[in-house]
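As the structure is a computational prediction, the values presented were derived from the model and not from experiment. All ligand and atom numbering here is 1-based and tracks the order in the structure. All values below were derived from every heavy atom in this structure, side-chain atoms included, with hydrogens, water molecules and symmetry-related copies excluded.
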Amino acid sequence: MKDRPQSQLTVLGIETSCDETAAAVVRVAGGGVEVLSSVVASQIADHAPFGGVVPEIAARAHVEAIEAVIAKAMNDAGVDFDGLDGVAATAGPGLVGGVMVGLSAGKAIALARGLPLIAINHLEGHAVSVRLTEAVDYPFLLLLVSGGHCQLLAVDGVGACRRLGSTIDDAAGEAFDKIAKTLGLPYPGGPALERLAEGGDPDAFPLPRALLGRKDCDFSFSGLKTAAARLAERLESEQERRDLAAAVQGAIARQLAERSDRAMAIYAHERAGRDLRFVVAGGVAANRTVRQALETTARARGFTFAAPALGYCTDNAAMIALAGAERLALGLTDGLDAVARPRWPLDEAAARDNPTHLPGRKGAKA
Ligand code: KG4
Ligand code: ZN
């Protein structure tokens with residue numbers, strides 16, 4: 001055991017589940033969180049020519065970058081390996097070739113330095129990301145919107161999530177990316193579409209409103225995607241292109257707000273009279289129109305609203321380090337036999353018993 005006070009935990013986080021190689025050092029002390037370093041090496045340039053992430057290219061790029069990224073995170077933080085209390089690495093869900101690179105690096109450091117390993121669910125990282133910069137206590141209602149996931153979750157505490165709703169087809173970020181592609185925008189499409197939408201009129205094109213009136217909290221973006229693709233074929237001017245981008249962004253934001261509103265009603269009923277907190281996280285939470293729509297909805301329902309700092313919405317390792325520190329504080333560590341999991345739902349029971357996606361060959365999707 002280290003001679004530092006155990007009320008202070010310093011954890012190295014490693015993230016390699018998609019197209020960023022990331023490492024960060026986070027210190028948790030007396031309830032406060034300090035990000036000592038956060039390094040994100042993006043592979044966007046490697047994948048851009050293919051219009052999306054190529055798993056084999058991603059895995060190789062992680063292998064090439066991982067050592068330098070971890071070294072830079074340690075150096076920027078000004079701590080050496082003896083100054084760490086644990087190593088947290090993403091163990092899934094994600095592209096398994098990449099996950100294995102970061103998880104193996106984490107295991108190697110843990111083994112060499114006699115440190116506990118914490119195998120982190122990438123989605124749990126997004127779930128805690130708001131706590132890197134905001135004082136948001138558990139429990140809270142979470143909308144997790146990224147490139148691979150679109151879910152409403154009741155986050156009751158560390159590792160305790162109940163799924164209230166999920167997408168029945170695409171994730172919100174996937175919808176942004178695919179529609180951006182039909183508008184001729186480069187990968188990743190979400191941020192590019194947000195920029196294009198700046199000079200556009202969101203009411204210029206009527207777009208379908210999915211699942212309106214449905215009592216559950218699920219999402220669907222396939223109708224919007226098809227409608228946008230048809231309209232994109234007939235665009236006649238740059239202004240129309242901007243208008244369509246604004247309309248698509250508005251439609252996605254509206255659906256996210258409408259489905260969140262349903263979940264807030266259910267959640268508020270469950271928690272009658274107690275504090276109500278709403279959090280949005282994941283890459284799509286970086287979108288200003290989405291944030292605005294959700295904040296308005298949350299306030300109208302009597303919820304406080306919080307979102308991560310912009311740099312912690314998209315994939316990063318600070319959120320993985322914080323998830324690791326929170327688990328470590330509760331004694332929740334993993335063995336060196338922890339496996340990389342391509343699929344790993346946060347609420348495993350809901351994914352198994354009530355799948356919105358049919359389970360694939362590798363088990364329940366998120
Ligand atoms: O959380 P993230 O970095 O990776 C996953 O875990 O999937 O999310 C990436 C997704 C991509 O689909 C990207 O287009 C979307 O988040 N995204 C945005 C914005 N920034 C990132 N979508 C809309 N507006 C943005 N500003
Ligand atoms: Zn992510």
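- For CE of M100, the number of neighbouring non-hydrogen atoms (other residues, nucleotides, ligands) closer than 6.0 Å is 12 at most.
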Quick one: side chains of residues 281-288, donor-acceptor pairs under 3.5 Å with protein atoms, not counting sequence neighbours, listed by atom name and distance.
{"from": "N287", "atom 1": "OD1", "to": "T289", "atom 2": "N", "distance (Å)": "3.0"}
{"from": "N287", "atom 1": "OD1", "to": "V290", "atom 2": "N", "distance (Å)": "3.0"}
{"from": "N287", "atom 1": "ND2", "to": "Q249", "atom 2": "OE1", "distance (Å)": "2.9"}
{"from": "R288", "atom 1": "NE", "to": "E194", "atom 2": "OE2", "distance (Å)": "3.1"}
{"from": "R288", "atom 1": "NH2", "to": "E198", "atom 2": "OE2", "distance (Å)": "3.2"}

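- Within ligand 1, the atoms closer than 4.0 Å to a non-hydrogen atom of H126 are 1 (O), 6 (O), numbered from 1 in the order shown.
- The minimum distance between the Zn ion (ligand 2) and any N, O or S atom of D315 involves atom OD1.
- Not counting sequence neighbours, the partners of S42 by the side-chain contact (heavy atoms from CB on, under 4.5 Å) test are E20, I44.
- Across N287, L310, L193, heavy-atom proximity to atom 24 (N) of ligand 1 is greatest for N287.
- Looking at every heavy atom in both residues, I14 comes nearest to V87 through CD1-CG1, 4.2 Å.
- Among protein heavy atoms, atom 22 (N) of ligand 1 sits closest to G190 CA, 3.4 Å.
- Taking a 4.0 Å cut-off on heavy atoms, H149 fails to register as neighbouring ligand 1.
- Nearest residue to atom 16 (O) of ligand 1 from A180, C313, G283 is G283 (criterion: closest heavy atom).
- Residue contacts with ligand 1 include G148, since one of its heavy atoms falls under 4.0 Å from the ligand.
- Taking the charged nitrogens against the carboxylate oxygens, R299 and E295 do have a contact shorter than 4.0 Å, which makes a salt bridge.
- Under the 4.0 angstrom criterion for non-hydrogen atoms, Q249 is not in contact with ligand 1.
- For residue C18, no N/O/S atom approaches the Zn ion (ligand 2) to within less than 2.8 Å.
- Here R277 does not pair with E134 in a salt bridge; the nearest charged N to carboxylate O distance is not below 4.0 Å.
- Every atom of ligand 1 is numbered from 1 in the order shown, and the set under 4.0 Å from a heavy atom of G173 is 12 (O).
- R131 forms a cation-pi arrangement with Y138, by the criterion of a distance under 6.0 Å to the ring centre and an angle within 45° of the ring axis.
- When L294, T297, V136 are each tested for a side-chain contact (heavy atoms from CB on, under 4.5 Å) with F278, only one passes: L294.
- Close contacts of ligand 1 with S146, meaning ligand atoms under 4.0 Å from a residue heavy atom, involve 1 (O), 5 (C), 6 (O), 7 (O), 8 (O).
- Less than 4.0 angstrom separates some heavy atom of H122 from each of these atoms of ligand 1: 6 (O).
- Below 30°, between 30° and 60°, or above 60°: for H126 and H122 the angle between ring planes is above 60°, a perpendicular geometry.
- Nearest to atom 7 (O) of ligand 1 among the protein's heavy atoms is G147 N, 2.8 Å.
- Among protein heavy atoms, the minimum distance from atom 13 (C) of ligand 1 is reached at D177 OD1, 3.7 Å.
- Ion pairing of R259 with D216 is present here, as a side-chain N (NZ or NE/NH1/NH2) and a carboxylate O approach within less than 4.0 Å.
- Checking H126 against the Zn ion (ligand 2), an N/O/S atom falls under the 2.8 Å cut-off.
- Atoms of ligand 1 found under 4.0 Å from any heavy atom of T314, numbered from 1 in the order shown, are 3 (O), 21 (C).
- A salt bridge links R60 and E56; the closest N-O separation between the charged side-chain nitrogens and carboxylate oxygens is under 4.0 Å.
- The closest protein non-hydrogen atom to atom 3 (O) of ligand 1 is D315 N, 2.9 Å.
- The shortest contact between atom 26 (N) of ligand 1 and any protein heavy atom is with E194 OE1, 2.7 Å.
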